[in-house]
*Asks:* 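Input: one structure, supplied below.
Keep in mind the model is a prediction, meaning the values are calculated, not measured. All chains are named by letter (A, B, ...) in the order of the sequence lines, taking the proteins before the strands, and each is independently numbered beginning at 1. As a basis for the values below, the full set of heavy atoms in this structure was taken, side chains included, without hydrogen atoms, waters or symmetry mates.
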Protein chains: 2
Amino acid sequence: MNYEEKTMKSERVYEGKIVNLRVDTVELPGKKYSKREIVEHPGAVGIIPIKEDGSLILVKQYRKPVEKMLLEIPAGKIEINEEPKETAIRELIEETGFKANKMEYILEFYTSPGFTNEKVYLFLATDLEFVKQDPDENEYIQVKEIPIHKLIDMVNKGEITDSKTIISIFFAKKYLDSK
Amino acid sequence: MNYEEKTMKSERVYEGKIVNLRVDTVELPGKKYSKREIVEHPGAVGIIPIKEDGSLILVKQYRKPVEKMLLEIPAGKIEINEEPKETAIRELIEETGFKANKMEYILEFYTSPGFTNEKVYLFLATDLEFVKQDPDENEYIQVKEIPIHKLIDMVNKGEITDSKTIISIFFAKKYLDSK
């Protein structure tokens, strides 16, 4: 059976700085029709910076959509003509001041494929060297170094609530256990 | 230092069936201004259904935003006046036909807090009993039972690309290892 949804009509509702919104009318199996609200996003990278001592470098920042300060891995939107790895190297320096002499691709995932095409590419950053923090003009970021066992604890207690950061902590634990 | 972003203006761009979009003008520290594009979402639940034999019950469905069939945990939007646990019980039966005699809250997380307030509440479903699949009229879903070791393998190979499903597989592994 072919489950693909053929686009019959596509209406652009909004074109913004970070996201666009469109509403597609799709044909379902059995010649039925439905609407799909789709948020277009350029994609992002997340970086898991692991220090020699087994701690991770995270950032704490205010997130307007949820009206809260959240603790997250360094991350950022992929700019036009940028490879995900370049974004990872750039964002890690901008947000934390650390340059990674080793930046390895780990995996990629969709944050919420029911309504958005946003994909996050995850990288493991090791062999870190402090250079100089250089955030975007409108970014207000606190840098935190936290040991992995403390982070696992924080995930279990519900104190880390960002999906890419939870995934990253699991991967960091696996990486550190395998060393 | 207060990092909170005060809303100076809020413009509603779109009100839809599943998401709304608004653009907020916020005041940053130092009296500067910036725009925030915010996708409002009612929240969702994800269910980790674990069978006695150590396999998980997953669903495969076409996701229009990414134009692909994806393998995911059963999940669904929280309806008005519904508690997340009720949504979890309802969606598991609708999508897979299984009734969980035990449905335990595990944790909650934001899928992508940079642009949306969508929160996913994760539940562990055990003591499963087959009743009858009853998908929504416009849902076309294939049910798959896959052993946990195979799923871990699929995550490592990049064959599972949905964030809530990756998080769930890590939790299921931990749960099964602790039994």
*Asks:* Indicate the atoms forming the closest heavy-atom contact of B:P65 with A:N117, along with that distance.
*Replies:* O-CB, 3.3 Å

*Asks:* So which part of B:V26 gets closer than 4.5 Å to some heavy atom of chain A, the side chain, the backbone, both or neither?
*Replies:* side chain

*Asks:* What part of B:V155 gets within 4.5 angstrom of chain A, counting heavy atoms only: side chain, backbone, both, or neither?
*Replies:* both

*Asks:* Does atom CD (B:Q142) have a neighbourhood of more than 12 heavy atoms from anything else shown, all under 6.0 Å?
*Replies:* yes

*Asks:* Please state whether the side chain, the backbone, both or neither of B:K77 comes within less than 4.5 Å of a heavy atom of chain A.
*Replies:* neither

*Asks:* Find out whether A:V39 and B:E37 are in side-chain contact, i.e. whether some heavy atom of one side chain is under 4.5 Å from a heavy atom of the other.
*Replies:* no

*Asks:* Is it possible for you to say whether A:M154 and A:L70 belong to one hydrophobic cluster, with membership spreading through side-chain heavy-atom contacts below 4.5 Å?
*Replies:* no

*Asks:* Considering only heavy atoms from C-beta outward, does the side chain of A:E72 approach that of B:P113 to under 4.5 Å?
*Replies:* yes

*Asks:* Which answer fits B:K157, side chain, backbone, both or neither, if we ask what part of it has an atom under 4.5 Å from a heavy atom of chain A?
*Replies:* neither

*Asks:* Can you tell if the side chain of A:K60 reaches within under 4.5 Å of the side chain of B:Y3, non-hydrogen atoms only?
*Replies:* no

*Asks:* Looking at A:G158, A:G16, A:A44, A:A75, which one has more heavy-atom pairs under 4.5 Å with chain B than the rest?
*Replies:* A:G16

*Asks:* Is it the case that more than 12 heavy atoms not belonging to A:E11 sit under 6.0 Å from its CD atom?
*Replies:* yes

*Asks:* Considering only heavy atoms, which portion of B:Q61 lies under 4.5 Å from any heavy atom of chain A: side chain, backbone, both, or neither?
*Replies:* neither

*Asks:* B:D24, B:D162, B:V13, B:V19: which one forms the most heavy-atom pairs within less than 4.5 Å of chain A?
*Replies:* B:V19

*Asks:* Side chains of B:T7 and A:K64 only: does a donor on one sit below 3.5 Å from an acceptor on the other?
*Replies:* yes

*Asks:* What donor-acceptor contacts under 3.5 angstrom involve side-chain atoms of residues 100-108 of chain B, with partners at least two apart or in another chain?
*Replies:*
{"from": "B:N101", "atom 1": "OD1", "to": "B:K99", "atom 2": "NZ", "distance (Å)": "2.9"}
{"from": "B:N101", "atom 1": "ND2", "to": "B:D127", "atom 2": "O", "distance (Å)": "3.1"}
{"from": "B:N101", "atom 1": "ND2", "to": "B:E129", "atom 2": "OE1", "distance (Å)": "3.0"}
{"from": "B:Y105", "atom 1": "OH", "to": "B:E108", "atom 2": "N", "distance (Å)": "3.4"}
{"from": "B:Y105", "atom 1": "OH", "to": "B:E108", "atom 2": "OE1", "distance (Å)": "2.6"}
{"from": "B:E108", "atom 1": "OE2", "to": "B:K119", "atom 2": "NZ", "distance (Å)": "2.6"}

*Asks:* Just wondering, do B:F170 and A:I166 contact through their side chains at under 4.5 Å, heavy atoms?
*Replies:* no

*Asks:* Tracing side-chain links under 4.5 Å among I, L, V, M, F, W and Y, which residues wind up in one group with B:I80?
*Replies:* none

*Asks:* Donor-acceptor check, side chain of A:Y14 to backbone of B:L21, threshold 3.5 angstrom: yes or no?
*Replies:* no

*Asks:* Given side chains that start at C-beta, do those of B:F115 and A:T116 come closer than 4.5 Å, heavy atoms only?
*Replies:* yes

*Asks:* Does one hydrophobic cluster hold both A:I78 and A:F123, with members joined at side-chain heavy-atom distances below 4.5 Å?
*Replies:* yes

*Asks:* Consider only side-chain heavy atoms of I, L, V, M, F, W and Y, link residues closer than 4.5 Å, and tell whether A:I18 and A:V66 are in one cluster.
*Replies:* no

*Asks:* What are the two closest non-hydrogen atoms of B:E5 and A:Y62, and how far apart are they?
*Replies:* N-CE2, 3.3 Å

*Asks:* For residues B:F171 and B:I146: do they belong to one hydrophobic cluster (side chain heavy atoms under 4.5 Å, members Ile, Leu, Val, Met, Phe, Trp, Tyr)?
*Replies:* yes

*Asks:* More than 12 non-hydrogen atoms from neighbouring residues, nucleotides or ligands closer than 6.0 Å to CD on B:E86, yes or no?
*Replies:* yes

*Asks:* Side chains of B:R63 and A:Y110: does their closest heavy-atom pair fall under 4.5 Å?
*Replies:* no

*Asks:* Is there a path of hydrophobic side-chain contacts, each under 4.5 Å between heavy atoms of I/L/V/M/F/W/Y residues, joining A:L71 to B:F109?
*Replies:* yes

*Asks:* Side chain, backbone, both or neither: which part of B:E67 has an atom under 4.5 Å from a heavy atom of chain A?
*Replies:* side chain

*Asks:* If you count heavy-atom pairs under 4.5 Å with chain A, which of B:H41, B:K17, B:K68 comes out on top?
*Replies:* B:K17

